Structure formats: C-alpha cells, structure tokens
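Just below is one structure, and these are the notes that go with it.
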Amino acid sequence: MTWVGHYNYWGAIFLMMSGFYVVISRGNLIKKLIGLNIFSTSVFLLYISMGKIKGATAPILTEAARLSPTPQLYSNPLPHVLILTAIVVGVATTAVGLALTVRINERYGTIEEDEIRAKDDSL
Amino acid sequence: MIHLPIVPVIIPLLAAPLCIIFRSKQLAWSIALAATWTSFCVSILLAIHVVAVGPLSYNIGGWPAPWGITYYIDTLNAFVLLIVSGMSAVVLPYARKSVEMEIDSSTQPYFYSLLLICITGLLGITVTGDAFNMYVFLELSSLSSYALIGMGPRRRALTAAYQYLIMGTIGATFILIGIGLLYSLTGTLNIQDMAVQLRANDILGSGNRTLITAFAFLTVGLSLKLALFPLHLWLPNAYSYAPSVVTIFLAATATKVAIYMLLRFCFGVIGNGTIFQMTLGKIILIPALAAILVASIVAIFQYDIKRMLAYSSVAQIGYMILGISFATTTGLTAGILHMFNHALMKGLLFMVMGAVSYRVGSVYINDFRGLGRKMPWTMAAFVIGGLSLMGVPMTAGFISKWYLIKAALENGWWDVTILILLGSLLAVVYIWRVVETAYFNPSHENEEDIGEAPLSLLIPMWTLVIANIYFGIDTSIPLNLAQQAATLLMEGI
C-alpha cells in the first residue's frame, strides 16, 4: 500500500492532467488560461512534496531548536524558494495571457477560438 | 576581467528600463544599440579568453559552486553567446526604420525594452550553469517574445502570440518538472554537479525511473521550445505575423538557445555520448528526419513567403537535431555549426522579407513580381541567402550540410544521407519559386514605382550576405569552435 502514502504526488498528477485537459479541450481563451494555471500549479505541489521530510519541522531556526542538544530534522527549504520564483513566473505568464486576451477581444469582439477562426477565414 | 561573464547579461537588463524611462523612441533605439554592441564585444572577449585559457566560472554574489548560482562558460556557451549577441548587434541597426513603420511611435520605447529583456533572457540561458536559473531566464525570454509577437501589425499576431504562450508555457512547465525530478535525484541544481552526483551515486547505468522520467519531460518540453517537428505548430504563425525585426531576431536566436539547452542537459548532465545515443538519440532521430521532409514539402505550398521561411526553419531545426542525434563528434560538430550558419542565413532571409514588406507592404508570392528589377540589392541578397539555405558550395550552408553528410556516412546511414540531400533539393524548389517570380515574371501593370530598400536596411542585410559567403569560404573560426565544443560534449565531464 505504499502508493497511498504518496497521495500528494497523486494529487499533483491529477491536477496536472486535469489542467492539461482543460487547455486542450476548451475553446474559450480565459478557460484555457485557467487550465494552464492549474497545470502549472500542480508542479508547485510536486516541488513542495520533494522538500518534505517525514517528522521534520519547518526550516526556521527558533530559539528552542538552537538550544536543543540533539540536531532537529527540518524540511528542505530550497524547493520552497524555487517555487516562490516559479509562482512569480506563473503570475507573469497569466498577466501576459490575459493582456493578450483583452487585446484579442478588442480586435475580434470574441474570445471563443472557433469564432476567431471563422472571422480570420472569412477575410 | 573577473566580472566579465556576467557583463553581457547585465547590460541589456539594465538598459531595458532606461528605454522606458526616457520615453523617446530615438533615445530608446540608441540605448538598445549601445547595449547590444557592448554585449557583443564582451562576448568576443569571452570567446577569445575561453579558447585561449579554458572554461571560465563566475560565482554570483561570491557563493561557491554547488550552493550559489554559477555562471559557467566553456567553448559551447561562448559560441552560442556569440551567435545571440552577434545577431542582436546586427538586427538593432536594421530595427530603426523597420520598427518605425510597423510599430506605433508611442509604443516604440516599450518595444526596444522588451527586445532587450528578450536578449537578456537568451544570453542568460547561455551563460548560466544553474538549471533553475536557466528556467527563469527561459521564461524571461519567452514572456517578452510573446509580447513582442503580439505587437505585429495584423490582428492575427495576437492569436499567434496567444497560441505560442499556451504551447510555450506547457513546454516550460515540462522543463520545470524535469529539472525538479533531476533535483530530487541529485540534490543539486548546478549542472556540472548534477553530472558528478549522478555518477557518484551510480544512477546512470541502472535505468533509474526518475532519471528516465526527468529526461522525458525535459526533452518534450525543450522540443516544444525549439519547435521540433510534431511540436512546431506555434512557430509558423508566430514567425509570419510578428513584426519583421522580431521574426529576424527570434528565427536567428531563440530556437538555437533551446537547442543549446537540450545539448547541455543531454550531454552535460548524462555526461556520456554513448548512453545518449542508445536512448534519446534514437528517439529524436525520427522527428528530426520527419521535420526535414514534411516541413520542406509544406514550405513549397505556402503563398506567404514569411510563412514559407518559417516552415523552412522547422526543417532546418530538423537538421540541427539530426546532427545531435548522431551523438558522434562529427555529428555534434555539424549540429552546432548549423546553429551558427542557420542564424546567418535565416537572419538574412527574414531581413529581405522585412525590406520587401517595408516597400511593398506584404510578402505574398505575387508581391515579388518584378522585384528583381525594382529592388536589385534586396533580391540579390535573397538569392545568396537562398543558395546558402540549399547548401551550395562557397556559402555557409554548404559547410554544415557537408559535415552532416559526413557524420551520416561515418555511421553508415545511407538512407539518412539520401534524406538530407532530398531536403536540400526541396529547399531548391521553394527558394526557386520566389526567385522565378522576382526575376522572370512581369511586374504588375498599374502599380506605383517601388524603390530600393533604404540603406539602413541594406547595410545589415549585406553584412549578413558577406558573412554567409565569408564563412562559406574561410570556415575556420566557427568550425574550430564547434569542433572544440563537440569534443567537450562527447568527453563529458
């Protein structure tokens, strides 16, 4: 039953696949961006899971931890830091995507993919 | 001298906000020009230093290697650095007139600022030795290129940019997953240290599943970014609707940098050519061959010539990946050399497209009628770029094709050799269509007189023409660099 213990990885894979499915299957540009967000959020979960150590505390140097005679286990903080950067990248991507969607709406009057295609073909 | 490795990255990064602060298009262009030329000069210095003395490494903030971010420059980095900074230095003088016509004057400072950020990202990927830093720079360059493509004059540019954004982000996320899995295996983000850890913990030979998954994600993600054949769908739209300058710049540099990343991960991390050849090399061989054949055939049927050249880019990327998939020193030399030569010829051909659309307004095949007489210098440049693309002797394209065929014969792959030659023949067909229309079809009857392109477009264009011919005759500089880089990659660490 070890696979049950990896529930956070299963969660990450589920989010990844559902986000990916939304990107592929939806024709609405905003819905596509939401799918893309879910897709990239799943990776954050994957990274955070990697840093976790069973029975370990948060990587914060408290007074109690400093004075304790036995060294304490703490989670790896590096994946957290990396994910902070990745979140910023994700926000920037969403911002650019939404800005493009606004402009597409201004120029085409729609954000449905098939309607945009129809308008382009009719030219 | 100690801080030299970071200079080419930091200069465009600092110049980018200056362009917006001053709000004057003339000043923004001058700043961008100065920044790219400084980067180019520093890149030349770096290349000379690396060839003479050996690899350079630079610890950012003074943090030592496996912990801090390290910039690491060996011959391969220096070579790609030269391609990127060199092409941006050639594109910027061209940009002024072309951008003036295609972009609103109020948004021009933003345009130059985005272009500089894109250059920063691409140069950053090239110099960094840290896997996660590479991802951040990749997203920096990609995000700015989505915005740049969206600035195209036609509204389709927006949908093309959106499509690129979706596919590019999926690719980048795949790369992020791959880097994360490699980190979980090795506990380090430094690419050289990754190779050391993989070897020390004996992960390589045992068919470790995490390693295989990591490389599956990395390869697919990078193939999306570099537009390997079935994943190339964003490229034709993005290249045909983007502003001319953006197309020239991206076609010449962006995909090459993604190929550099693929090389760095596949050879730098695995650190062993034979393992690569037995596994990934075989897998990417098929899409590479398919790219050469299918994309060349599709290019023949395009009416929009910019789009035709975009498909031809997909085919040429196939050649580079083909060279890499051989995983021999000659094959890698061919692939790396073709990165350089392709930047020269596609940069040149897209510059011609920019000049034609500057004068005529669009680049459909019909617009080329009679241009051989009306724009003799521009069309002559097109012919030379086309010859280079086909791989005619005395042009740069010949050298890389020659090494590619040599590598295929060394492996005894006759069928692949025939496909390479067939790809060149297909290039003859699609280039000839344009040449025939330009020189042998009568021009339209009632049409205003079109003059030759202005000098500021012609000079960068002819610089590339001369480079195409020069590096076809005296190929020692790029060939030596490519050979050294290939040997380094094959030796591993």
Side-chain angles (χ1 to χ4, degrees), chain A residues 9 12-13 16 19-20 22-24 26 29-30 32-33 35-51 76 78-79 81-83 85-86 88-111 113 116-117 119-121 123, chain B residues 66-67 69 114 117 121 130-133 135-140 142-185 187-189 210 213-214 217 221 237 241:
Chain A
Y9 289 101
I13 291 170
M16 195 183 289
F20 200 32
V22 171
V23 175
I24 294 170
R26 297 295 127 172
L29 300 187
I30 299 279
K32 265 181 190 293
L33 278 179
L36 202 64
N37 259 312
I38 298 173
F39 180 62
S40 48
T41 308
S42 71
V43 184
F44 305 164
L45 205 58
L46 183 78
Y47 265 67
I48 305 278
S49 305
M50 269 175 217
N76 184 355
L78 188 72
V81 178
L82 298 183
I83 281 321
T85 317
V88 174
V89 171
V91 170
T93 310
T94 315
V96 175
L98 288 174
L100 281 173
T101 315
V102 170
R103 296 288 295 278
I104 287 172
N105 192 31
E106 279 171 3
R107 301 284 289 270
Y108 285 87
T110 175
I111 53 166
E113 218 174 26
I116 292 171
R117 203 167 294 146
K119 287 196 173 184
D120 270 341
D121 289 342
L123 281 175
Chain B
W67 297 285
I69 293 172
L114 280 170
I117 295 174
D130 182 277
F132 195 79
N133 201 223
Y135 162 78
V136 174
F137 274 128
L138 182 70
E139 277 306 82
L140 195 65
S142 301
L143 282 172
S144 46
S145 56
Y146 307 145
L148 283 171
I149 290 166
M151 284 180 164
R154 292 157 69 184
R155 67 174 181 183
R156 277 197 191 192
L158 292 169
T159 42
Y162 185 89
Q163 194 187 11
Y164 183 20
L165 179 129
I166 296 287
M167 294 190 78
T169 308
I170 291 172
T173 311
F174 273 29
I175 294 168
L176 187 61
I177 297 170
I179 291 172
L181 291 174
L182 278 180
Y183 173 71
S184 73
L185 261 182
T188 176
L189 287 167
T210 314
T213 319
F217 274 115
N237 278 332
Y241 300 121

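In this text, all values refer to a predicted model and were calculated from it rather than measured experimentally. Letters A, B, ... are given to chains in the order of the sequence lines, protein chains preceding strands, and every chain is numbered from 1. Side chains included, hydrogens not; waters and symmetry mates left out as well; all remaining heavy atoms used.
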Are the side chain of B:Arg156 and the backbone N or O of B:Tyr241 linked by a donor-acceptor pair below 3.5 Å?
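No.
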
Top residue by heavy-atom pair count (under 4.5 Å) with chain B, among A:Leu29, A:Val89, A:Val23, A:Leu33?
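Ranked by heavy-atom pairs under 4.5 Å with chain B, first place is A:Leu29.
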
When only pairs under 4.5 Å are counted, which of A:Lys32, A:Glu106, A:Glu113 shares the most heavy-atom pairs with chain B?
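Heavy-atom pair counts peak at A:Lys32.
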
Go through the atoms of A:Leu82 and report whether side chain, backbone, both or neither lie under 4.5 Å from a heavy atom of chain B.
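It is both, since atoms from each part get that close.
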
Using heavy-atom distances under 4.5 Å, tell me whether A:Leu36 contacts chain B through its side chain, its backbone, both, or neither.
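Only the side chain of A:Leu36 comes within 4.5 Å of chain B.
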
Which pair of non-hydrogen atoms, one from [X] and one from [Y], has the smallest distance, and what is that distance?
X        : Y        : value
A:Ile83  : A:Val43  : CD1-O, 4.5 Å
B:Arg155 : A:Asp120 : NE-OD1, 4.0 Å
A:Arg107 : B:Pro153 : NH2-O, 3.8 Å

In chain order, what residues pass the side-chain contact (heavy atoms from CB on, under 4.5 Å) check against A:Asn76, with sequence neighbours excluded?
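Once residues adjacent in sequence are excluded, the partners of A:Asn76 under the side-chain contact (heavy atoms from CB on, under 4.5 Å) criterion are A:Leu78, A:Pro79, B:Tyr183.
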
Who passes side-chain contact (heavy atoms from CB on, under 4.5 Å) against A:Phe20, sequence neighbours left out?
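Once residues adjacent in sequence are excluded, the partners of A:Phe20 under the side-chain contact (heavy atoms from CB on, under 4.5 Å) criterion are A:Ile24, A:Phe39, B:Ile170.
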
Identify, with sequence neighbours excluded, every residue that meets ring pair (Phe, Tyr, Trp, His ring centres under 6.0 Å) alongside B:Phe132.
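So B:Phe132 forms a ring pair (Phe, Tyr, Trp, His ring centres under 6.0 Å) with B:Tyr135.
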
Does A:Thr93 reach the side chain of B:Glu139, with side-chain heavy atoms less than 4.5 Å apart?
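Of all side-chain heavy-atom pairs linking B:Glu139 with A:Thr93, at least one is under 4.5 Å.
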
Can you tell which part of B:Leu140 gets under 4.5 Å to a heavy atom of chain A, answering side chain, backbone, both or neither?
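The answer is neither part of B:Leu140.
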
Just checking heavy atoms, which of residues 159-167 of chain B are less than 4.5 Å from chain A?
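When heavy atoms of chain A are the reference, residues 159-167 of chain B contributes B:Thr159, B:Ala161, B:Tyr162, B:Leu165, B:Ile166 within the under-4.5 Å range.
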
